[in-house]
Amino acid sequence: MRTSQYLLATLKETPANAEVISHQLMLRAGLVRNLASGLYTWLPTGLKVLRKVEKIVREEMERAGAIEALMPVVQPADLWEESGRWDEYGPELLRINDRHQRPFVLGPTHEEVITKLVSNEISSYKQLPLNIFQVQTKFRDEIRPRFGVMRGREFLMKDAYSFHLEQECLEQTYQKMFDAYCRIFERLGLDYRPVIADTGSIGGDASHEFHVLAESGEDDIAFSDSSDFAANIEKAEALAPAGPRGEATQDLTKVATPGVKSIEEVAAFLKVDAQATVKTLMVLAPEDENGQQAVVALVLRGDHQLNEIKAEKLEQVAAPLTFASEEQIQAAINCATGSIGPVNLPLQVIVDRSAAHLSDFVCGANEDGYHFTGANWDRDAKDYRVEDIRNVVEGDPSPCGQGNIIIKRGIEVGHIFQLGKKYADAMNCGVLTESGKHQTLTMGCYGIGVSRIVAAAIEQNHDKYGIKWPAAIAPFQAAIVPMNMAKSARVKETAEALYQELQQAGIEVLFDDRKERPGVMFADHELIGTPLLLVIGERNLDNQQIEVKNRITGEKSLLAINEVLSLFNPQ
RNA sequence: CGGUGAUUAGCGCAGCUUGGUAGCGCACUUGGUUUGGGUCCAAGGGGUCGCAAGUUCGAAUCUUGCAUCACCGACCA
């Protein structure tokens, strides 16, 4: 490709509305352009990268035994009514009508379509197992699109769905997909981790997310510092502190704490550590038979954070988790937030394991402007349940039993889970078994955010000059950068000849034939992140050499012109 | 959806307080100059000032409403 016949579209200045580095660089390097909130045009350079990611994903899926199909973006609403998700999915599902006012959706995912397809096409156990994938545009009407293509509304996803007679078979395919995902991210050249994930509302037994580690990630991942354990913080278990709880040594004492509300204020006012306090959060219970929701108290150590995912899984707590309003709290206990505590609290009380391990702690006195010191479980506060309801923090013992927790940020680029029979049940997807009985299938599903990977790769691989692509997904393998080609016939001839040679060898090379100064060319190619710059100048032509600059290492070396192809041979 | 901020040329911004019909840098075009790290000089082209209504002789500027975009919080690949 010649730059003169190409759309380079690089930008010198950073557009103001791009916050994260990958978004800035994708705009500056001419990979994408914004059309509307969460909607992006992929420019030629960006598309090259996207296609390379897609190709690796496709190859590994096929190698793992999945077969490719392509399903429509626009899907009839009745499919979604059949699965129950027309009502469940919420406003993220974009609903549209056709000219006959028939309702459709833009597919945010394809479980319905694939399940329908399989239920129509598959009727015998002999046709199983089956694992079908596609690479298709998805649309999710995100509340807040952000970070460029990282969280766009329209995005490219590889989604695969497997169908099985038995759980055991599902587990085998799940493991194959797990392994395939590892190979994919290895080949992409990314620093990634599979992590134990929450299965969310879908349920099921097993789920893993694949995260690319990056500071700008939106998820917290808990790792063990001495084993392979890694889990999304939503899912990481916070163990009970070791050893028995300390004995009560203090008397329960009510102290006036006027205007002191937050844990920081309480700890400072009473001159104690936040770890010696508890905080009490008020949330709603599930509706009773009269449609009423009681208030439930969640008690955590002062320095800990509530894990809402864990909390809303408790049967005593409404899902989704809802904090009680000021009015509801007043009605329940006649006290405002800031002075609530578990002592003599006439409510269901759920205590985190760590909070339950405290003795002689500080808590609200359930009377505005007062706290207790020297509070102790069982003696002062009775009738409580102990559960794991907090986020793990760095230094906690790892739930795997080895080492301590460290926390890093990750970008979720893949998610696999065992779906079970939810969709197969709803859409009557089954086969006849060997014994002639009808049996509902069990399913797995496996997603990879293809467009998100492009952004994640940049988050992980860049410097102040621009993108440093992993070789496998660089838009070009090399760029030919001639110095002052307009003045030097020798440079021009050499560059043209090299371009022809590389093209014929099947190398993806960008020939910068613009009439630009060297600085401009260098800046552009470094921004775009081409791994190898082949610099041709009068300076080295007397020796029949060119200069090779490695974008990743920054190394420059001289190479005989007739040996340039050797740069690419090892592949 | 809540909170914050923005909207003036392709991009980045000034002008608005104090109303008089729009300007700077980059990019673009032309000519010259320069040529191994974003040259320099000159001349140009390009704007319904987000939309609508109002106030006024006159609105980018004041008022009201709306829209769009971004950032911070709950969902997800």
Side-chain angles (χ1 to χ4, degrees), chain A residues 8-20 23-24 27-28 30 33-39 53 57 89-93 108-110 135-160 181 197-198 200-202 209-212 217-219 232 234 308-309 312 320-323 410-417 445-456 465-466 481-488 491 514-527 533 535-541 546-547 549 556:
Chain A
L8 218 46
T10 52
L11 262 33
K12 220 178 208 177
E13 286 173 286
T14 303
N17 57 13
E19 210 62 23
V20 296
H23 189 197
Q24 293 174 0
L27 292 167
R28 288 226 292 135
R33 285 293 182 267
N34 179 258
L35 180 65
S37 179
L39 302 176
V53 174
V57 170
Y89 212 97
E92 212 172 276
L93 180 65
T109 173
H110 283 74
V135 180
Q136 172 65 295
T137 296
K138 301 283 190 262
F139 191 94
R140 294 183 189 172
D141 202 356
E142 294 281 350
I143 300 167
R144 181 152 94 83
R146 60 185 140 170
F147 305 153
V149 301
M150 193 94 84
R151 182 181 294 284
R153 291 195 290 176
E154 186 178 300
F155 58 99
L156 192 64
M157 177 173 171
K158 186 284 301 174
D159 47 328
Y181 275 39
D198 186 65
S201 54
I202 295 163
E209 292 168 351
F210 287 76
H211 283 261
V212 167
E218 294 187 81
D219 288 283
N232 194 303
E234 293 173 349
E308 300 190 11
I309 304 283
E312 73 182 24
L321 187 90
T322 314
F323 285 94
I411 300 168
E412 185 187 355
V413 289
H415 197 169
I416 59 178
F417 44 102
C445 88
Y446 319 94
I448 286 184
V450 177
S451 43
R452 180 180 282 184
I453 283 173
V454 177
Y465 301 109
V481 186
M483 296 293 104
N484 199 16
M485 191 166 70
K487 284 277 172 65
S488 167
V491 168
R514 292 176 297 176
K515 193 186 170 190
E516 284 289 357
R517 296 170 55 84
V520 175
M521 296 196 211
F522 287 130
D524 270 346
H525 295 294
E526 281 161 6
L527 176 60
L533 298 193
V535 184
I536 300 173
E538 279 288 339
R539 192 189 281 180
N540 299 309
L541 278 186
I546 64 164
E547 183 183 299
K549 180 162 183 190
K556 296 179 189 174

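Within every chain, numbering begins at 1; the chains are lettered A, B, ... in the order of the sequence lines, protein sequences first and strands thereafter.
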Rounded [atom1] spacing from [N] to [M] in Å:
N	M	atom1	answer
B:rG20	B:rU4	P	31 Å
B:rU63	B:rU55	P	15 Å
B:rG45	B:rU30	C1'	10 Å
B:rG54	B:rC41	C1'	49 Å
B:rA6	B:rG50	P	13 Å
B:rU48	B:rU8	C1'	12 Å
B:rC49	B:rG15	C1'	11 Å
B:rA67	B:rA52	P	15 Å

Watson-Crick/G-U partner (both atom distances under 3.5 Å) of [N]:
N	result
B:rC16	none
B:rA70	B:rU4
B:rC11	B:rG25
B:rU35	none
B:rU48	none
B:rA77	none
B:rU63	B:rA53

Measure across [X] and [Y] and return the closest heavy-atom pair with its distance rounded to 0.1 Å.
X	Y	value
A:G217	A:I411	CA-CG1, 3.6 Å
A:K556	A:E547	CD-OE2, 3.5 Å
A:E312	A:L321	OE1-N, 2.9 Å
A:P145	A:R153	CG-CG, 3.6 Å
A:S451	A:V149	O-CG2, 3.8 Å
A:Y446	A:F417	CE2-O, 4.5 Å

Query - Residue closer to the 5' end of RNA chain B, A:R153 versus A:I143 (nearest nucleotide) - result: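 Result: A:R153.
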
Query raised in the report: Closest nucleotide of RNA chain B for A:F210 versus for A:K515: which of these residues is on the 5' side?
Result: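 Its nearest nucleotide being more 5', the pick is A:K515.
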
Distance in angstrom units between [X] [atom1] and [N] [atom2], rounded:
X	N	atom1	atom2	value
A:D159	B:rC76	CG	P	16 Å
A:Q24	B:rA70	CD	C1'	13 Å
A:R151	B:rC72	CZ	P	11 Å
A:L35	B:rU68	CG	P	14 Å
A:N484	B:rU35	CG	P	8 Å
A:N232	B:rC76	CG	C1'	11 Å
A:L27	B:rA70	CG	P	11 Å
A:R144	B:rG73	CZ	P	7 Å

Just call it for [X]: base, sugar-phosphate, or nothing, with non-hydrogen atoms closer than 4.0 Å on any strand.
X	answer
A:N540	base
A:K487	base
A:V535	base
A:M150	base
A:G152	base
A:F147	sugar-phosphate
A:G537	base
A:E142	base
A:P145	sugar-phosphate

For [Y], does its backbone N or O pair with a side-chain atom of [X] as donor and acceptor, under 3.5 Å?
X	Y	answer
A:E412	A:F210	no
A:R140	A:P108	yes
A:R452	A:M150	yes
A:R28	A:K12	yes

**Report entry** side-chain contact (heavy atoms from CB on, under 4.5 Å) partner of A:M483, chosen from A:N540, A:V535, A:L541, A:I536
**Finding:**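 Testing each of A:N540, A:V535, A:L541, A:I536 against A:M483, the sole residue satisfying side-chain contact (heavy atoms from CB on, under 4.5 Å) is A:V535.
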
**Report entry** Check: B:rC71 base within 3.5 Å donor-acceptor of A:R146 side chain
**Finding:**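 Such a pair does not exist between side chain and base.
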
Requested in this report: Ignoring the backbone of A:R539, work out which of B:rC1, B:rG36, B:rC72 is nearest its side chain.
Outcome: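 The closest nucleotide is B:rG36.
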
Requested in this report: At under 4.0 Å between heavy atoms, which parts of nucleotides 37-46 of chain B does protein reach? Answer with one letter per nucleotide, 5' to 3': B base, S sugar-phosphate only, - none.
Outcome: BBB-------

Pull out every protein N or O sitting under 3.5 Å from an N or O of nucleotides 12-15 of chain B, one pair per line with the distance.
{"residue": "B:rG12", "atom": "OP1", "partner": "A:A16", "partner atom": "N", "Å": "2.8"}

Requested in this report: Run the numbers on A:E538 and A:K487 for side-chain contact (heavy atoms from CB on, under 4.5 Å), then give the verdict.
Outcome: CA-CA 10 Å; A:E538 279 288 339; A:K487 284 277 172 65; over 6 Å; no

Query raised in the report: Can you tell me if OH on A:Y465 sees more than 12 non-hydrogen neighbours from other groups inside 6.0 Å?
Result: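 No, the 6.0 Å shell around OH holds no more than 12 heavy atoms from other groups.
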
